[in-house]
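Encoded as structure tokens, the structure appears first; notes follow it.
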2 protein chains.
Amino acid sequence: QRNKVRGLATDRNVAKVTVVAVPDRPGIARTLFVPLADAGINVDVIVQNVSHDGTTDVSFTVPRSELARARRLLEPVVGEMGARELTADESVAKVSIVGAGIQNAPGYAARMFGTLADEGINIEMISTSEVRITCMINEADLQRAARALHRAFQLERPEPEVAAA
Amino acid sequence: QRNKVRGLATDRNVAKVTVVAVPDRPGIARTLFVPLADAGINVDVIVQNVSHDGTTDVSFTVPRSELARARRLLEPVVGEMGARELTADESVAKVSIVGAGIQNAPGYAARMFGTLADEGINIEMISTSEVRITCMINEADLQRAARALHRAFQLERPEPEVAAA
Ligand SMILES: C[C@@H](O)[C@H](N)C(=O)O
Ligand SMILES: C[C@@H](O)[C@H](N)C(=O)O
């Protein structure tokens, strides 16, 4: 089975925003993202996991240059909706493996997570799609993560014929 | 501005698994996904948000036919790693808007979330990539969600449902 990973994408120009403990009811997600959209702020990754006790966190990333603006827009909104607080983190970076059919091929996520684990790199957030597995990590770990993932997925050579999974 | 949304993807054949309160340290993600990969279980969406007090949740979806097997494999692992518990939910469905450049185009997420909000549909999980915004919702809401999203994004009549491979 051919190596499906075609490339690695990294992005250091990201800031992570987390709206902590939002009420888990219809309309909340829209209330957070409409003001950002109206202001033309580019939201990149959005992650929300399951709720507990009626609340959950909603995190997203924006370019670092947009962080101040995003915070100014959302702080009043966050208060009004009864969320606990808004936190932000500029020392994150995004690293993704990209390739067709990744998501449904067992082993790619495990290999990506294992590679980062072997480097002692903590995975702060995970988001996936059919063609991409994205991890947010500490910015200080990005170069090491990229090198290790390139090696693990054999990205410097032409596509190998041997099963990679 | 051109409509970037090319289509809607829905999947009813999903079960959601959440490993609750895993320790947020390197190696944990690998410890969860290697056994699933070795067993050839197709993991589709993976979502992990930021941690609080050193723990976070890791959720993922599998085809419903794989749920029992995934649980059997992971229950001992979950205990050993000191996570709180493993929960599963079979009454979920996945709905995604798909299109080039969605992620960086302000407004698409807001419109998708707003459309679901207008239908009173609760968004249980969110995961995004550059070309896809995916929401997990209650399975009972899927048909109504699909119709409303088709209308909101001016897509042609609803595609027949296709389960993920
Ligand atoms: C938390 C948020 O996603 C909420 N469940 C909503 O539907 O808007
Ligand atoms: C929670 C899990 O992702 C952990 N942070 C890890 O790096 O494996």
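Naming convention: chains lettered A, B, ... in sequence-line order (proteins, then strands); numbering from 1 in each chain.
Listed here is the closest heavy atom pair of G114(B) and R30(A): O-NH2, 3.2 Å. D44(A) and T128(B) make their closest contact through O-OG1, 3.5 Å (heavy atoms, listed as atom of the first residue, atom of the second, distance). Shown here for S127(A) and S127(B), the closest heavy-atom pair between the two residues is OG-OG, 3.0 Å.
P26(B) pairs in a side-chain contact (heavy atoms from CB on, under 4.5 Å) with only one of the listed residues (I123(A), I137(A), N122(A), L116(A)), which is N122(A). With respect to M125(A), the side-chain contact (heavy atoms from CB on, under 4.5 Å) criterion is satisfied by exactly one of T56(B), N49(B), V47(B): N49(B).
With chain A as the partner, the residue from I28(B), I41(B), L32(B), T134(B) showing the most heavy-atom pairs under 4.5 Å is I41(B). Ranked by heavy-atom pairs under 4.5 Å with chain A, the first of I121(B), V98(B), T115(B) is I121(B). With chain A as the partner, the residue from T87(B), V50(B), V34(B) showing the most heavy-atom pairs under 4.5 Å is V50(B). Heavy-atom pairs under 4.5 Å with chain A were tallied for H52(B), Q48(B), R25(B); the largest tally goes to Q48(B).
Remark: side-chain polar atoms of S129(A) are not paired, donor with acceptor, to backbone N or O of S129(B) under 3.5 angstrom.
I46(A) is listed as a side-chain neighbour of F113(B), based on a closest heavy-atom distance under 4.5 Å.
The contact between V20(B) and chain A is made entirely by side chain atoms (from C-beta outward), counting heavy-atom distances below 4.5 Å.
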- Message: side chain to side chain contact (heavy atoms under 4.5 Å, CB included) for E124(A) and D24(B)? Distances and angles first, verdict last.
- Response: CA-CA 8 Å; E124(A) 302 180 359; D24(B) 183 21; 5.7 Å; no
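Heavy-atom neighbours of Q143(B) CD from other residues, nucleotides or ligands within 6.0 Å: at or below the threshold of 12. Annotation: R84(A), atom CZ; neighbour count of heavy atoms from other residues, nucleotides and ligands within 6.0 Å does not exceed 12.
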